[in-house]
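Have a look at the structure below before the remarks.
In this chain, residues are counted from 1 in sequence order.
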Amino acid sequence: LKESNGPTDSYAAISQVDRLQSEPESIRKWREEQKERLEQLDANSRKQEAEWKEKAIKELEEWYARQDEKLQKTKASNRVADEAFYKQPFADVIGYVAAEEAFVNDAEDIFPGTEWERVAQLCDFNPKSSKQAKDVSRMRSVLISLKQAPLVR
């Protein structure tokens, strides 16, 4: 079947035009006013949508600017904290990286009999303060037993 937007019968099309011409003046006037009102509403809604889009773009740009500012502040504070962290004297609260650096720095001052002190600096022998997820109790007990009774060469 062939589809169309209007009546397919030519007589039906003529009768529809006759109906539109014979329609009362008040209805025709209302139809035109209604069409104008709808066009005005459409124009207003398009204008409102454009304003909202501009406002959203501005807010998004401001948000990105604030996020970038926060990121820069965080980076700066992290750099300062890192510098302060690495300048601290070696202590138990310092992390593994600093402990490794201290161990490497102390490697030059190797004296016979200080091996276990250096190992003890790298190991946490307190099982309750250990924050590792793995169970290292056996390794800890082996190291303690070796410290107490070292291997003889």
Side-chain angles (χ1 to χ4, degrees), residues 1-108 116-147:
L1 290 175
K2 184 177 179 184
E3 293 186 23
S4 65
N5 291 334
T8 55
D9 186 13
S10 59
Y11 292 112
I14 294 171
S15 67
Q16 186 179 9
V17 170
D18 285 343
R19 229 180 300 126
L20 289 174
Q21 289 176 348
S22 67
E23 123 182 306
E25 180 69 23
S26 61
I27 293 178
R28 188 183 58 74
K29 188 175 180 183
W30 174 86
R31 200 180 300 270
E32 290 174 1
E33 290 174 358
Q34 185 69 8
K35 186 177 178 183
E36 289 176 11
R37 270 194 300 254
L38 289 175
E39 287 175 358
Q40 184 68 30
L41 285 173
D42 285 346
N44 287 344
S45 68
R46 283 191 295 269
K47 181 181 173 187
Q48 186 73 30
E49 186 178 346
E51 289 175 1
W52 285 344
K53 282 184 180 179
E54 287 179 21
K55 184 179 177 184
I57 288 171
K58 287 179 185 175
E59 288 180 0
L60 194 59
E61 287 174 354
E62 290 173 3
W63 183 82
Y64 278 125
R66 284 195 308 270
Q67 284 297 103
D68 191 43
E69 185 179 330
K70 277 187 201 175
L71 183 65
Q72 298 305 324
K73 286 182 182 176
T74 304
K75 284 181 179 178
S77 66
N78 285 348
R79 283 188 196 105
V80 169
D82 282 348
E83 288 173 9
F85 176 79
Y86 286 116
K87 289 179 183 176
Q88 287 179 350
F90 182 72
D92 291 337
V93 294
I94 294 181
Y96 176 76
V97 173
E100 189 176 22
E101 286 179 2
F103 182 76
V104 170
N105 291 340
D106 290 344
E108 298 162 0
W116 286 111
E117 284 74 20
R118 294 196 329 262
V119 170
Q121 286 178 344
L122 294 175
C123 297
D124 182 14
F125 289 105
N126 186 359
K128 294 182 181 176
S129 69
S130 179
K131 296 176 185 162
Q132 295 176 346
K134 295 181 180 178
D135 182 23
V136 293
S137 58
R138 185 160 186 257
M139 182 67 175
R140 187 180 298 116
S141 65
V142 168
L143 286 173
I144 290 173
S145 66
L146 283 173
K147 183 178 180 182

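No side-chain donor from either of Q40 and R37 sits under 3.5 Å from a side-chain acceptor of the other.
Evaluated for a side-chain contact (heavy atoms from CB on, under 4.5 Å) with L71, the options K75, E69, Q67 yield exactly one hit, K75. Screening Q72, R66, K70 for a side-chain contact (heavy atoms from CB on, under 4.5 Å) involving D68 leaves a single residue, Q72.
From L41, atom CG reaches atom CD of Q34 across 8.5 Å, with rounding to the nearest 0.5 Å.
Residues that satisfy the side chain to side chain contact (heavy atoms under 4.5 Å, CB included) test with E51, not counting sequence neighbours, are K47, Q48.
Side-chain contact between E59 and W63: absent, with no pair of heavy atoms (C-beta onward) separated by less than 4.5 Å.
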* To do: Please report the C-alpha distance between R28 and E32 in whole Å, then the side-chain angles of each, then the deciding distance to 0.1 Å, and finally whether the salt bridge (Lys or Arg N to Asp or Glu O under 4.0 Å) criterion is met.
  => CA-CA 6 Å; R28 188 183 58 74; E32 290 174 1; 2.7 Å; yes
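Checked for salt-bridge contact, E62 and K58 miss the test: no charged N lies under 4.0 Å from a carboxylate O.
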